Protein chains: 2
Amino acid sequence: MSKSPVPMFLPAPGEGKRGEDGHMGYLLRQAAHAYRQRAETALADLDLTPPQFTVLTMLAAYPGLSGADLARLALLTPQTIAVIVGNLDRAGLITREPHPVHGRILAISLTAPGRAVLAKARSRMQTLDDSLLAGLDADHETVVRRWLVTVALPTET
Amino acid sequence: MSKSPVPMFLPAPGEGKRGEDGHMGYLLRQAAHAYRQRAETALADLDLTPPQFTVLTMLAAYPGLSGADLARLALLTPQTIAVIVGNLDRAGLITREPHPVHGRILAISLTAPGRAVLAKARSRMQTLDDSLLAGLDADHETVVRRWLVTVALPTET
DNA sequence: AACAACATATCAGAGCTTTGATAATGAGCA
DNA sequence: TGCTCATTATCAAAGCTCTGATATGTTGTT
């Protein structure tokens with residue numbers, strides 16, 4: 001374990017404000033950050049990032065989506081999706097075809113390599129997701145799921 | 001509400017896989033993303049980002065920390081902290097002084113403007129954090145807090 | 001005293017994400 | 001028909017975050 005040369009008795013993760021007594025926002029960010037890092041590590045040797053995995057998953061479920069559709073689905077901006085889609089396109093995992101009806105829309109679909117990579121990525125992410133539920137019984141899982149959905153929902157002001 | 005010109009019956013936030021039946025990792029990312037966006041909006045007119053707020057808060061609690069200390073505390077890399085600290089320095093909210101004992105360390109502290117901005121930011125973030133607990137009774141809050149801490153903790157492999 | 005190990009800081013490059021601005025396409029209405 | 005509006009896509013700039021590499025300073029060992 002790394003240690004500062006000038007010890008100041010800083011709290012370790014899980015202690016003090018970094019534990020159950022911390023601010024909810026801080027705890028949420030901390031948890032999401034830890035999860036994202038594990039996901040990045042799990043996908044690293046596939047040359048796939050978590051956002052890219054998300055986009056591939058969405059395209060597998062709904063082939064032919066536009067960039068704007070993906071943005072709405074992922075709660076991201078069209079610009080953000082454009083960057084991710086651009087990188088996936090460069091990697092040959094997706095294709096962009098002019099939409100048959102609406103001229104400006106680019107319909108995005110998975111390529112065969114895209115499907116292959118997604119299949120490999122899926123099992124790893126499944127394992128990771130299962131680990132998130134370790135030590136959580138059915139009742140508590142429901143509580144957590146409901147809370148996450150509530151926080152994610154847009155505020156009704 | 002925006003709508004695609006080529007309707008495909010995509011699920012809305014909170015429905016289907018985007019609701020309580022979704023993958024935990026997706027729900028976690030969705031929730032953290034929504035929270036971060038609200039935090040950014042709340043701090044926007046102070047010209048402060050959520051990571052910058054986090055760093056200022058840590059410096060208020062532990063003045064004279066080094067960049068490496070901040071990195072450990074925030075679970076970020078030293079490089080990431082360097083970017084954030086650089087921006088805070090340019091804004092005049094912090095100062096970096098050579099460490100009295102350890103020559104290489106730069107001891108970071110808040111300036112008077114830094115303290116003033118932090119005070120304003122705090123009340124807004126407090127309001128935001130309170131809203132995260134809306135609809136959670138004491139028992140459920142404990143369940144959620146425990147889960148977040150568990151997820152944030154490094155894996156013991 | 002010299003060397004090895006470690007901690008710190010920083011440079012470079014990449015991807016994700018945002019806001020803001022610009023341009024092109026299609027739909028609805030006068 | 002022509003105008004206006006909504007949607008789509010894209011360019012630009014900024015901040016956050018990472019991995020990898022490099023240089024400096026301190027500590028501990030030989």
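Lettering follows sequence order; numbering is per chain, from 1. Owing to the predicted nature of the structure, the values given are computational and were not obtained by experimental measurement.
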Taking only side-chain nitrogens and oxygens of B:T80, does any of them come within less than 4.0 Å of OP1 or OP2 of D:dC18?
yes
Whole-Å gap separating P (D:dG15) and CD (B:Q52):
8 Å
Checking C:dC16, D:dT17, D:dT8 against the side chain of B:L76 (C-beta onward), the nearest is D:dT17
Intermediate values then yes/no, side chain to side chain donor-acceptor pair (under 3.5 Å), B:R38 and B:S131
CA-CA 11 Å; B:R38 282 176 221 163; B:S131 75; 5.0 Å; no
Within the distance-only criterion (no hydrogens, no angle test), does the side chain of A:R145 pair as donor or acceptor with the backbone N or O of B:G22 below 3.5 angstrom?
yes
Would you mind reading off the distance between B:I108 atom CD1 and C:dT8 atom P, rounded to a whole angstrom?
12 Å
Let me know the distance between CG of A:D47 and P of D:dT19, rounded to the nearest Å.
15 Å
Any A:Q37 side-chain N or O less than 4.0 Å from OP1/OP2 of D:dT17
no
Can you check the A:R36 CZ to D:dT19 C1' distance for me, whole Å?
13 Å
Phosphate OP1/OP2 of D:dC18: any B:T77 side-chain N/O under 4.0 Å:
yes
B:D139 and B:T142 side chains, donor-acceptor separation under 3.5 Å:
no
Looking only at D:dA9, D:dG15, C:dT17, the nucleotide nearest the A:L106 side chain is D:dA9
Side chain of B:D69: nearest nucleotide among C:dT8, D:dT10, C:dT10?
C:dT8
Please classify the nucleic acid contact of B:T49 as base, sugar-phosphate, or nothing, using heavy-atom distances under 4.0 Å.
sugar-phosphate
Can a donor-acceptor pair be found between the side chains of B:D130 and B:T127 at a distance below 3.5 Å?
no
CG of B:L48 versus C1' of D:dA14: gap in Å, rounded?
15 Å
Rounding to a whole Å, what distance do you find between A:I81:CD1 and D:dA9:C1'?
13 Å
Please determine whether the number of non-hydrogen atoms from other residues, nucleotides or ligands lying under 6.0 Å from atom CZ of A:R146 exceeds 12.
no
Starting from B:I94, can I reach B:V83 by hopping between I/L/V/M/F/W/Y residues whose side chains sit under 4.5 Å apart?
no
Looking at A:Q79 and C:dG20, is any side-chain donor or acceptor paired with a base atom of the opposite kind under 3.5 Å?
yes
Have a look at the helix from C:dA1-D:dT30 to C:dA30-D:dT1 and give the angle its two end axes make, five pairs each, rounded to 10 degrees.
0°
Return the 5'-most residue of the pair A:A68, B:I84 with respect to DNA chain D, ranking by each residue's nearest nucleotide.
A:A68
Do A:D69 and A:Y62 come within less than 4.5 Å of each other through their side chains, counting heavy atoms only?
no
Let me know the distance between CD1 of A:I105 and P of D:dT7, rounded to the nearest Å.
11 Å
Closest to the A:H33 side chain, choosing from C:dT17, D:dC18, C:dG15:
D:dC18
